[in-house]
Amino acid sequence: MAGSETARALSSVRVRRLIVEQSKRAHVGHIGSALSIADILVALFSGTVDPEVDVFILSKGHAALAQYCVLTELGLMSHETLDTYCGDDSQLGVHPDHTLPGITFSTGSLGHGPSLGAGVALAKRIVGNPGRVFVLMSDAELNEGSVWEAVMFAGHHKLDNLTVILDNNGQQALAPTVDVIDLSGVDRLVQTLGWESRRVDGHDVDELTTALEVNTPGKPLFVIADTLAGKGVSFMERQVKWHYLPVDDAQFEQAMGEIG
Amino acid sequence: MRKQFVSTLIDIANHDERVVLLTADLGFMVLEPFAERHADRFFNVGVAEANMMSLAAGMAHEGMIPFCYSIATFASMRGYEQFRNGAVLHQLPVRIVGIGGGFAYGTAGPTHHALEDIALMRVQPGVAIVAPADDGQVDRALRDHYARPVPMYLRLAKETASHPELDGRFRWGRLEVIGDGDIAIVAIGSMTGVALEVRRQLQAEGIQTAVAVAASIAPAPADDLVALLSSKSACITIEDHRPVGGLGSLVAETIADHGMGVRLVRCGVTDPTGETTGSEEFLRRRNGLDVAGLMAAVRQIGLVPA
């Protein structure tokens with residue numbers, strides 16, 4: 001695989017360390033959401049996504065810090081730029097901006113990614129452009145009606161160049177997702193609507209990579225990645241409050257120690 | 001006007017493979033010719049306007065020029081945030097085609113009356129707003145500007161219309177002015193017929209007026225407005241839209257921005273919500289948006305005999 005060298009270069013540990021460092025420096029939250037997708041991004045950007053022809057959309061824009069850290073690790077963003085995260089006059093806000101190299105669409109309002117991705121995938125098919133479209137979304141985004149409009153559309157139109165990865169960390173802003181809208185049966189829902197689906201450990205890069213290689217002609221792919229919000233930092237895991245809170249000095253030391 | 005749209009779009013699509021037509025399940029007896037001629041570039045996305053707007057942004061990102069067709073209310077509002085964060089934020093050539101601006105869907109009731117669509121589109125930066133007065137302007141505007149690299153809102157009437165005075169003229173960011181006089185009537189595309197009839201009737205009384213057709217709402221025809229109003233005593237705007245945020249506001253802002261002293265009267269839809277419904281003709285009349293209503297507004301200014 002073209003990305004095998006990158007695979008060695010891109011490390012979940014280093015990405016997590018950068019996430020916690022930047023979050024501490026900028027005194028900004030959304031750490032839990034960013035840590036949740038670190039391994040998914042590592043799997044995607046270790047050779048699965050071909051930047052020449054593929055399109056990646058971070059539908060859960062509030063976890064953009066994780067993407068900035070991956071871009072930095074890949075050498076596509078400088079550390080100086082990363083250090084502007086959430087500063088004044090910076091392009092690096094909490095949510096990603098399409099004017100940055102490596103970011104195709106600005107996101108931040110939930111539930112837009114699957115529709116944007118379906119549009120790109122449909123256009124690629126009409127025009128005959130190569131490449132796949134990857135959309136990474138949160139489980140809370142499943143609450144948005146537009147997500148289901150897109151899921152129905154992509155299934156009906158057999159957009160097999162479209163892959164949605166669900167960061168299934170079981171938490172949303174105010175409560176566990178199962179207590180807000182229980183969508184634990186999302187596998188069956190998407191299958192009914194014409195999708196191929198896989199459920200994997202969202203912190204196992206090999207398992208993720210294998211699932212992302214699934215190619216079923218005539219069916220878009222829905223990968224349910226079971227994850228832990230705050231993965232890698234014991235006091236953040238499964239804690240709703242770490243959707244918003246920044247870390248203090250003692251928490252920072254403990255977090256960095258645990259990540260390794 | 002919608003049939004002219006489809007006819008012109010088919011012709012454009014014959015020569016430009018980037019053009020694709022999406023509809024949110026509307027356009028019965030209108031869109032079929034496009035669907036037949038360009039089956040591979042026609043998609044009924046279902047009753048899902050929000051998805052349609054983001055699909056279009058995604059397609060435009062890949063180099064296509066998507067037209068998103070629905071009734072003006074749904075087209076402009078149901079996927080508004082998707083349009084804002086998609087086509088507008090990324091400045092992509094997505095075209096919203098809103099059918100039946102104003103009271104065109106009269107008896108369908110208030111859910112189908114597009115009375116604030118222009119206001120919504122005007123506040124979005126970089127969005128072009130085109131509201132043609134007749135089929136000739138639809139054809140000209142589309143042929144000359146369909147490929148511009150900006151998002152666009154096209155506000156179309158349902159029925160066919162033709163104003164020989166315009167002779168199909170449409171220019172980006174410009175007014176089309178017919179006649180001259182001490183009073184200017186500035187009309188949005190769909191109210192052009194009323195304005196021209198009032199001009200004819202006043203002319204019969206020996207009173208000259210200028211009728212300015214504002215089919216290019218955005219980019220705003222600011223320079224033309226300043227030039228027009230600098231020699232006028234009064235200006236009357238007429239639009240089948242709320243008086244806030246639309247043509248009347250645009251002219252008021254232009255007058256204020258340029259420190260002009262011209263008297264302005266804004267005619268628009270003043271019905272409160274919860275009013276009874278009826279035909280387009282009835283609803284226009286009730287809001288003073290017919291010939292008698294506009295004539296009364298002109299006479300109230302006091303520059304012409306009552």
*asked:* Does either side chain, that of A:Ser115 or that of B:Ser54, offer a donor lying less than 3.5 Å from an acceptor on the other one?
replied: no
*Output the option from A:Pro114, A:Ser109, A:Gly108 having the highest count of non-hydrogen pairs under 4.5 Å with chain B.*
A:Ser109
*What part of B:Glu81 is in contact with chain A, defined as an atom under 4.5 angstrom from a non-hydrogen atom: side chain, backbone, both or neither?*
both
*Could you tell me whether A:His112 and A:Phe105 have their ring centroids closer than 6.0 angstrom?*
no
_B:Asp240/B:Arg155 ion pair, N-O < 4.0 Å_ = yes
*Could you tell me whether B:Phe34 and B:His38 have their ring centroids closer than 6.0 angstrom?*
yes
*Is the gap between the ring centers of B:His61 and B:His90 under 6.0 Å?*
no
*Sort A:His157 into side chain, backbone, both or neither according to what part of it lies under 4.5 angstrom from a heavy atom of chain B.*
side chain
*Heavy-atom distance under 4.5 Å to chain B: side chain of A:Thr104, backbone, both or neither?*
both
*Side chain, backbone, both or neither: which part of A:Leu116 has an atom under 4.5 Å from a heavy atom of chain B?*
both
*Between B:His113 and B:Phe103, ring centroids under 6.0 Å*: yes
*Against chain B, label A:Val55 side chain, backbone, both or neither, depending on which of its atoms sit under 4.5 Å from a heavy atom there.*
side chain
*asked:* Below 4.5 Å, heavy-atom pairs only: which of B:Gly86, B:Ala48, B:Pro66, B:Gly79 has the largest tally toward chain A?
replied: B:Ala48
*With a 4.5 angstrom heavy-atom cut-off, could you sort out which part of B:Arg41 is near chain A: side chain, backbone, both or neither?*
side chain
